[in-house]
Each structure stands twice: as C-alpha cells, then as structure tokens.
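All chains are named by letter (A, B, ...) in the order of the sequence lines, taking the proteins before the strands, and each is independently numbered beginning at 1. Predicted model, so just to flag it, every value in this text is computed and none were measured.
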Amino acid sequence: MGTLTRSDIVNLLAEKFADKDLLKSDISLSVRELLNAMSTGLAKGERIEIRGFGSFTLRKRKPRIGRNPKTGEPVALGVKYTPHFKAGKDLREKVQAALDAELAAGKTLD
Amino acid sequence: MTITKTDLAEALYMDVGLNKREASELVDAFFNLIKDTLAAGHGIKLSGFGNFELRDKKARPGRNPKTLEEIPISARRVVAFKPGQKLKMTIETYAGSRQQ
C-alpha cells in the first residue's frame with residue numbers, strides 16, 4: 001500500500017483547484033494552517049468534529065509511576081493527554097467497502 | 001467547544017487570506033481527499049500532525065455477551081490515527097480543566 005505525504009496532498013489539491021484563482025503556494029500555506037489550527041485547538045482542550053470524516057478528542061492518561069530505565073528509580077509521571085481519532089460513519093463505510101471488494105476479488109488476510 | 005469545518009475555513013480566511021468561498025471549498029476538498037485516499041487503500045503521513053493508517057483485521061468468532069450466542073465477526077478494515085511527535089508534545093502540555 002502506498003502512503004501519501006503532505007506534499008502529495010498539496011499537489012493533488014493544486015490540481016483540483018487548477019482552474020481557480022488559487023496559487024499552489026496558497027494551498028500549501030492553507031494545509032499548514034489547517035493542521036496548525038487543529039493542533040492548537042486540541043492543545044486548548046477543544047474537540048474537532050468533521051462531519052462524515054471523523055472527530056479528534058483528547059484522552060486522559062492516568063498518572064503512573066514510571067521508572068528511570070538506567071537506575072531503576074521510580075519517577076512520578078503526571079496526568080497526560082493524548083489525541084484520539086474516531087472515524088466518522090462515511091469514512092468507516094467507504095474503507096470497509098474497499099476491503100469487502102478486495103476480499104470478493106480473492107484477497108486473503110493472514 | 002467544538003471546532004468544525006466552518007471554524008477551519010474561517011482560519012484560512014483570516015490567516016491565509018483566501019476568500020470565504022475558496023476557504024470553505026479548500027477545507028471540504030482537503031478532508032474529502034484524505035477520505036478518498038484512505039478509501040483507495042492508501043495511508044497518509046502529515047508531518048508535524050500525524051499519520052492515518054489502515055489496519056485489516058481477520059474475521060473471528062464473537063459472542064453476544066448477554067445471550068452467549070456465537071456470532072461471527074466479519075473481516076474489518078479500520079482507520080487508525082498515530083499522532084506525530086510535534087502534536088503529542090503540543091498536547092502533553094495541556095493541563096486545563098477537565099470538561100470532557
């Protein structure tokens with residue numbers, strides 16, 4: 001499976017907007033701004049909800065006692081937050097339909 | 001508070017200088033492109049933010065916990081998001097009120 005990068009996404013968007021009055025540099029800047037706005041929002045504790053695509057929320061990790069791997073000494077680690085993505089209905093269904101089609105065409109999962 | 005596509009389009013209008021129509025079209029196109037890419041079986045790496053990955057799970061026997069009836073669980077493809085280092089660091093510092 002090939003993986004697309006941020007610059008692939010920018011190129012594909014630039015193609016899509018080629019007939020519009022939008023420079024590729026504007027699109028590149030916009031993608032950066034989009035990801036920035038999402039990161040900043042999450043860091044402020046806000047949730048992000050994109051209909052049909054999915055939602056991002058923060059999940060709280062309990063404080064725990066870690067250990068310094070070198071000395072074995074216990075270290076108290078505080079509450080930590082990590083981002084969590086939940087795929088929306090449309091995305092879930094599209095991705096599942098793709099697998100179902102591949103399985104119907106003879107793909108096997110091992 | 002919840003951030004929606006409208007808020008993201010507003011950010012593009014304010015900070016990048018797109019007009020409102022372009023901004024909202026670009027936000028739509030961005031998420032549709034990610035969705036179509038995943039639907040086509042490709043993962044996506046957004047440096048600084050995170051990676052969207054696809055995971056295939058084999059069919060397995062399941063059970064209705066109430067009735068103990070056996071029901072097969074069919075093969076699944078799920079989308080997993082792995083936050084990037086920069087996003088993790090930005091968020092780890094969050095120590096605000098627990099509204100969630």
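- Counting heavy-atom pairs under 4.5 Å between each of A:Asp100, A:Ile9, A:Asn36 and chain B puts A:Ile9 at the top.
- Interface remark: B:Ser47 contributes backbone and side-chain atoms alike to the contact with chain A (heavy atom separation under 4.5 Å).
- With rounding to the nearest 0.5 angstrom, the CD1 atom of A:Ile50 is 10.5 Å from the NZ atom of B:Lys35.
- Panel note: side chain B:Glu22, backbone A:Lys20; no donor-acceptor pair is recorded below 3.5 Å.
- Residues passing the ring pair (Phe, Tyr, Trp, His ring centres under 6.0 Å) test with B:Phe30, sequence neighbours excluded: none.
- Looking at heavy atoms from C-beta onward, A:Tyr81 lies out of side-chain contact with B:Glu92 at the 4.5 angstrom threshold.
- Of the listed residues (A:Pro83, A:Ala37, A:Gly88), the one with the most heavy-atom contacts under 4.5 Å to chain B is A:Pro83.
- Contact annotation for B:Lys82: neither backbone nor side-chain heavy atoms come within less than 4.5 Å of a heavy atom of chain A.
- In this structure, the side chain of B:His42 engages the main chain of A:Gly2 through a donor-acceptor pair within 3.5 Å.
- Not one N or O on the side chain of A:Glu33 forms a donor-acceptor pair closer than 3.5 Å with the backbone of B:Leu12.
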task: Output, in order, the C-alpha distance, side-chain angles, deciding distance and verdict of side-chain contact (heavy atoms from CB on, under 4.5 Å) for B:Asp56 and A:Leu99.
output: CA-CA 8 Å; B:Asp56 288 349; A:Leu99 174 67; 3.9 Å; yes
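- A:Ala98 approaches B:Ala39 most closely through the heavy-atom pair CB-O, 3.1 Å.
- Counting heavy-atom pairs closer than 4.5 Å to chain A, the top-ranked of the candidates B:Lys86, B:Glu25, B:Lys88 is B:Glu25.
- Heavy atoms of other residues, nucleotides or ligands lying less than 6.0 angstrom from CG of A:Asn68 number more than 12.
- Neither the backbone nor the side chain of B:Glu53 comes within contact range of chain A, judged by heavy atoms closer than 4.5 Å.
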task: Apply the test salt bridge (charged side-chain N to carboxylate O under 4.0 Å, His left out) to residues A:Glu102 and B:Arg77: give CA-CA distance (whole Å), side-chain angles for both, the deciding distance (0.1 Å), then the verdict.
output: CA-CA 11 Å; A:Glu102 287 170 30; B:Arg77 176 172 287 171; 2.9 Å; yes
query: How far apart are the C-alpha atoms of B:Ile91 and A:Thr82, what are their side-chain angles, what is the distance that settles it, and do they pass the side-chain contact (heavy atoms from CB on, under 4.5 Å) test?
result: CA-CA 7 Å; B:Ile91 282 168; A:Thr82 54; 5.8 Å; no
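- Each of A:Asp90, A:Ile27, A:Leu103 has some count of heavy-atom pairs under 4.5 Å with chain B, and the biggest count is that of A:Asp90.
- There is no path of hydrophobic side-chain contacts, each under 4.5 Å, that joins B:Tyr13 to A:Leu13.
- Ring orientation note: the planes of A:Phe56 and B:Phe52 are nearly perpendicular, at an angle over 60° on the 30°/60° scale.
- Using a 4.5 Å cut-off on side-chain heavy atoms (C-beta onward), A:Leu35 and B:Leu46 make contact.
- No other option in B:Val78, B:Val27, B:Thr4, B:Leu33 has as many heavy-atom pairs under 4.5 Å with chain A as B:Leu33.
- With chain B as the partner, the residue from A:Arg32, A:Lys16, A:Glu49, A:His84 showing the most heavy-atom pairs under 4.5 Å is A:Glu49.
- Two different hydrophobic clusters hold B:Met89 and A:Val79 under the rule that ILVMFWY side chains link at heavy-atom gaps under 4.5 Å.
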- request: Before giving the answer on side-chain contact (heavy atoms from CB on, under 4.5 Å), spell out for A:Met38 and B:Leu8 the whole-Å C-alpha distance, their side-chain angles and the decisive distance to 0.1 Å.
  value: CA-CA 8 Å; A:Met38 292 200 285; B:Leu8 296 174; 3.9 Å; yes
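- When each of B:Thr37, B:Asn19, B:Thr90, B:Ile44 is checked for heavy-atom pairs under 4.5 Å with chain A, B:Ile44 comes out on top.
- Heavy-atom pairs under 4.5 Å with chain B were tallied for A:Ser30, A:Ser7, A:Ala87; the largest tally goes to A:Ser30.
- With respect to chain B, the highest number of heavy-atom pairs below 4.5 Å among A:Leu91, A:Thr5, A:Thr40 belongs to A:Leu91.
- For a residue to count as touching a neighbouring chain, one of its non-hydrogen atoms must lie under 4.5 Å from one of that chain's; by this rule B:Leu26 touches chain A with backbone and side chain alike.
- The distance from atom CG of A:Leu109 to atom CZ of B:Arg76, rounded to the nearest 0.5 Å, is 12.0 Å.
- Separating the CZ atom in A:Arg92 from the CG atom in B:Leu38 is a distance of 14.0 Å, to the nearest 0.5 Å.
- At a 4.5 Å heavy-atom cutoff, the contact between B:Leu87 and chain A is made by side-chain atoms alone.
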